[in-house]
Structures are given as C-alpha cells and as structure tokens.
Amino acid sequence: MRSTFLIFLICINLGQKVPLGAATLGDRILEERYERMQAAADRDNPLRGIRVPTSLENLENIGGGVQLVSEDSNGISLTLLEAVRVALEKNPSLVSQTHRLKASQELSIARPTARKLFADFRTGLNLANNLDNDPRSFQNRRLFDVSHQENSLYFGLDLRFPLLDGGKSSALMAQGTLEEQLEKVRSKKYRQEVLMEVAKTYVEMILLDEKLRLSDLVIEKNRYETTEEQRKPNQDPNFPVNLLKARMKLDVALQERIDLSASKRLAISKFRSLLGWKSDQKFQLDRNARTRLIRESKEALLDAAIKNSPRLNELKILQKIKDQKRRALHANKELSLDLMGKTEYTKLVESQGVDEIRYLIGFELKTNITDSRTTLHMMNSNREEKLALARLQEEAQTMAQAELNTAYEYYLDFKKRISAHLDNAKLARRVQMEAEDRLRGGIISKLNLMDHRIQYQKALLAYYEALTNLIHAKLKIFELSGMLDEEAFG
C-alpha cells in the first residue's frame, strides 16, 4: 500500500505542466517564490523596486531604479528643486544681498560725471544795520538813495561746468560702474553658497533618517540580546560578564540614537533658516533630489571655472577698481579748470523798485600744491594692494583648477560605484525576505533575522551615501565653474 501511494504522488507531480522559461518544475517553483518575494509589501522598507529615475541623482536612468518615499505625511512636501526655489525667494541672506545690490546701483548713479553742469540756487534776507556791512555797493545805495536802515531780499544762481579735471570724473564714474558689477558678482557668489547649503542640508536630512532607522534596528537587537542574557538559567549572578557586555552595547547604541536625533533637529532648524521659514514650519521631503546631467568635458569645465568663477571675477574687478582709484588720486596733482557763472538779484523789501542785479562769468583754475606727498603715499598704498590682489587671483585660479580636477575625478568614481551599491541593496533585501521566510519555518532564529535586517539597512545606507557623495561632487563642479543655479537642479 505504501509503495502504491508513493508511485501515485510521483505520477501526479510529473503530470503537471512545466511553464516556458523554466527548465524543470523545481526551477519554476523557485521562480514563483522569488516573484512572490519581490511583490511582497515591506512597510518598513523605503526602497521600492519601480522603474523611475533614482531619487538622489539624475545622471542616467539606472535599470530597476529606486524611489525614496518619505514616511512623514505632515506639512509641505518638497523636492530639492522646490526647496531651492523657496530659498531663492525667501532666504534672508539673499534678500539682504538684493538690497545691497540696489544700494550699489544708486551710488553708481550718484557718482560725479564728466562734462556735467552743476547749478546751485541761493536765497536770503539782508537785514538792515548800522555796521556798514551791507552787501550792496556804495554806488547802488547812492543811486537809489538807500540807507543802511532798509532791508533787502536776494536770489542767486551759481553755475559750474568742468572743463579739465585730470580724468578724475571719468575715473570715479568707472569706479562706480565696477562697484556695481562687483555687487552683482558677489550676489551670484552668495546665491551659489545658499544653493549649496540647501542641497547639502536636504540630503543630510535623508541620510540622518536612514541612520536613525539603522540605529533603531541595532537598539532592537541589543535589547533582545540583553533580555536573552537575563533569562539564561545558568547565568552566574556574581560574574555576569555577557550581560554586562550586552548592556554596554545597548548604552552605546542608545547614545548614538540621541546624537543622531540631535543632529537631525539641528539640520531641520538649519533647513528652515535657509528657506526663510519660521521655526514651527512643518514640512516633509519626498526625497526627489535630481540634478542635471554633466554634458561638458573636463577641459570645458576648467575653461568655465577660469571665466565664470565668482571668486576669480571678484578679484579681477577689485583690481580694476584699484586702477580707477589710482587714476583719481593721480588727478589730484593735475590742473583743474572750471567755467564759472554767478548771478544775483537783490530787491528792497520796503521799496517797489529793483535794487541791484549782479553777473559774474569767468574761469576757475585749481591745483594741489601742499598735498602732493600725501597723494604719493596713497598711490603707493594703492599699488601694493593691487599687487596683493594679483597674487590672490593667481592662488585662487590654481586652487579652482585643482578643486575642479578633484571634484571631477570624484564624480567619475562615484558614478561608477552607484550600480554596485544599488545591486548590494537589492541583494540584501532578497536575503532579508528569505530570512523572514526561514524564521517562519523555524530554520533560523530571531537574532539571525535581526542581523539580516541590519545588514540590509547598512547596504541601503551605503547606497544613499554614494548618491550623496555624487551630488556633492556634481554641485562642487557647478559651483567652481559658475553654473550652480536653479537650472542645475532641473
């Protein structure tokens, strides 16, 4: 009877149809089991195997890419691009820099200009007195029979038109224009610094979330180990070495959890400040941190760094400003010639007739005689400051090239490693799901499952850290080449 039943089971199994793509029925069973594992929902797992661009970078669409999903459903949901746009609009430093730029533009308009007519209007009242200091001429008073006891009202207009000033006016005009350009360059530099901080803080909060998840798993394991040690019947109460080790490991894990929580709170506060939000503003990250592709060659990026770097452009403009200041100082030793014109209308207060009208037209010639030594020292100081700026420019150019080379090499290295980290995370996920099945079958212990969960979280964290390093390298390249703007996050 037993032999007949065994033969019957074998016949039933052999009679099943083997699907296409599976070499044997056993292979098909393994395939179905793997598909079931892949389709199983993992509520504690932020890694979703769907075909979307990777969330922390946008270099290429990696096959089987991942999307990071935030578990927090309260407050405003932000992608990195949306966070950047909010910062560009509300960041306090950028708002302040906008006002400084407008102030520089107003000062530039207020600078003296060459060939400009200057006009001053004067008016006043001459009170009568007996001190013989009436401004009216003796002939005028005698012609109109005016005594010192009569008050008079006067109006005057003074005109001045520079003919020669040694180039001082044009130097001041050029200096004002350069200072306006300098504020624009500094504004761009501040914008890039703010965007870099926003991006770094954004991905830092994502990493802190993953580190906290890993810390929670470690704490769970350490607590389980501590509880198991306490339950051991053969525990020596006078020499509980293993229990002490378990408790010490738990204390270390709890302290690390406290430190990570403090770092996360600090990052959240910093992020709110960068975006110009209040301290109680709620938000969540949907963890979409795309950055644009780097299509430029390394040589093109190096040329762009020399041409567009805000730091280098700032030093170049400062040297040009020193040149214009030197021109203005040199003009102090030159002759200046102005065309002058004055007119004054004086009217008696008590009388109805006209008292007096005066006109004066002439030239005014001025030169600096006693301050030549002071001007010479100021010009020497200006020359030394320009030489210092030239050395700083050479150093900044060398550092920019070196930093761009380093960032570009890092970018290539991290780009190559992304796929490997992603494969490791997927493999660790499969191992974890298999471990859960084996735990239900009684093959492995709960402690073994905890180890596999920790291993998976470490693999996932390593993947996120690789993406973060890739983002930092790309943004550094954009910053050094002067291309870090809103489009870099599109």
Short question: side chain of [X], backbone of [Y] - any donor-acceptor pair under 3.5 Å?
X	Y	value
N91	L274	yes
Q175	I321	no
T201	V198	no
R326	N382	no
R292	A488	no
T468	Y464	yes
S481	F478	yes
N448	S445	yes
S215	K211	no

Heavy-atom side-chain proximity of [X] to [Y] below 4.5 angstrom:
X	Y	answer
K476	E479	yes
F489	L484	yes
E82	T79	yes
Y456	V431	no
K90	V95	no
E220	D216	no
Y202	L285	yes
L254	R223	yes

In plain terms, say whether [X] and [Y] are close enough for a salt bridge, that is, a side-chain N and a carboxylate O under 4.0 Å apart.
X	Y	value
E197	K200	no
D437	R440	yes
E314	R311	yes
R438	E434	yes
E229	R247	no
R453	E436	yes

Taking all heavy atoms of [X] and all of [Y], pick out the closest pair and write down the distance.
X	Y	value
A171	A328	CB-N, 3.9 Å
K322	L389	CG-CD1, 3.9 Å
Q432	L449	O-CD1, 4.2 Å
L470	K415	CD1-N, 3.8 Å
L460	E210	CD2-OE1, 3.9 Å
R100	S93	NH2-O, 4.3 Å

Criterion side-chain contact (heavy atoms from CB on, under 4.5 Å) on R327 and S170, from CA distance to verdict: CA-CA 9 Å; R327 284 183 58 198; S170 59; 2.7 Å; yes
Heavy-atom count around [X] [atom1] within 6.0 Å, excluding the residue itself: above 12?
X	atom1	result
M378	CE	no
K168	NZ	no
K458	NZ	no

From CA spacing to verdict: side-chain hydrogen bond (donor to acceptor under 3.5 Å, both in side chains), Q255, D259: CA-CA 6 Å; Q255 183 60 49; D259 295 339; 3.1 Å; yes
Out of curiosity, [X] [atom1] to [Y] [atom2], how far, rounded to the nearest 0.5 Å?
X	Y	atom1	atom2	answer
N308	L480	CG	CG	11.5 Å
K189	Q192	NZ	CD	10.0 Å
I477	E296	CD1	CD	9.5 Å
K264	F271	NZ	CZ	13.0 Å
N469	R417	CG	CZ	12.0 Å
L427	L422	CG	CG	11.0 Å

Verdict with supporting geometry, L467 and V203, side-chain contact (heavy atoms from CB on, under 4.5 Å): CA-CA 9 Å; L467 291 175; V203 295; over 6 Å; no
For F414, all residues meeting ring pair (Phe, Tyr, Trp, His ring centres under 6.0 Å), sequence neighbours excluded: Y410
Distance-only side-chain donor-acceptor flag, R231 / T227, under 3.5 Å: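 Per modelled atom types, R231 and T227 side chains form no pair under 3.5 Å.
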Residues R191 and S187: side-chain donor-acceptor under 3.5 angstrom: no
Contacts of [X] that satisfy side-chain hydrogen bond (donor to acceptor under 3.5 Å, both in side chains) - sequence neighbours left out:
X	value
E183	Q97
E228	none
K298	N405, E409
Q319	Q393

Check against side-chain contact (heavy atoms from CB on, under 4.5 Å), I471 and L475: CA-CA 6 Å; I471 289 177; L475 295 182; 3.7 Å; yes
Residues R186, L182; criterion side-chain contact (heavy atoms from CB on, under 4.5 Å); working and verdict: CA-CA 6 Å; R186 286 175 174 172; L182 180 62; 3.7 Å; yes
Pair S261-R265, side-chain hydrogen bond (donor to acceptor under 3.5 Å, both in side chains): steps then yes or no: CA-CA 6 Å; S261 298; R265 289 193 296 269; 4.9 Å; no
Residue that, paired with L217, satisfies side-chain contact (heavy atoms from CB on, under 4.5 Å) out of M450, Q457, Q455: Q457
Sequence-distant partners of M399, side-chain contact (heavy atoms from CB on, under 4.5 Å), two or more places apart: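 M399 satisfies side-chain contact (heavy atoms from CB on, under 4.5 Å) with E395, E403 only.
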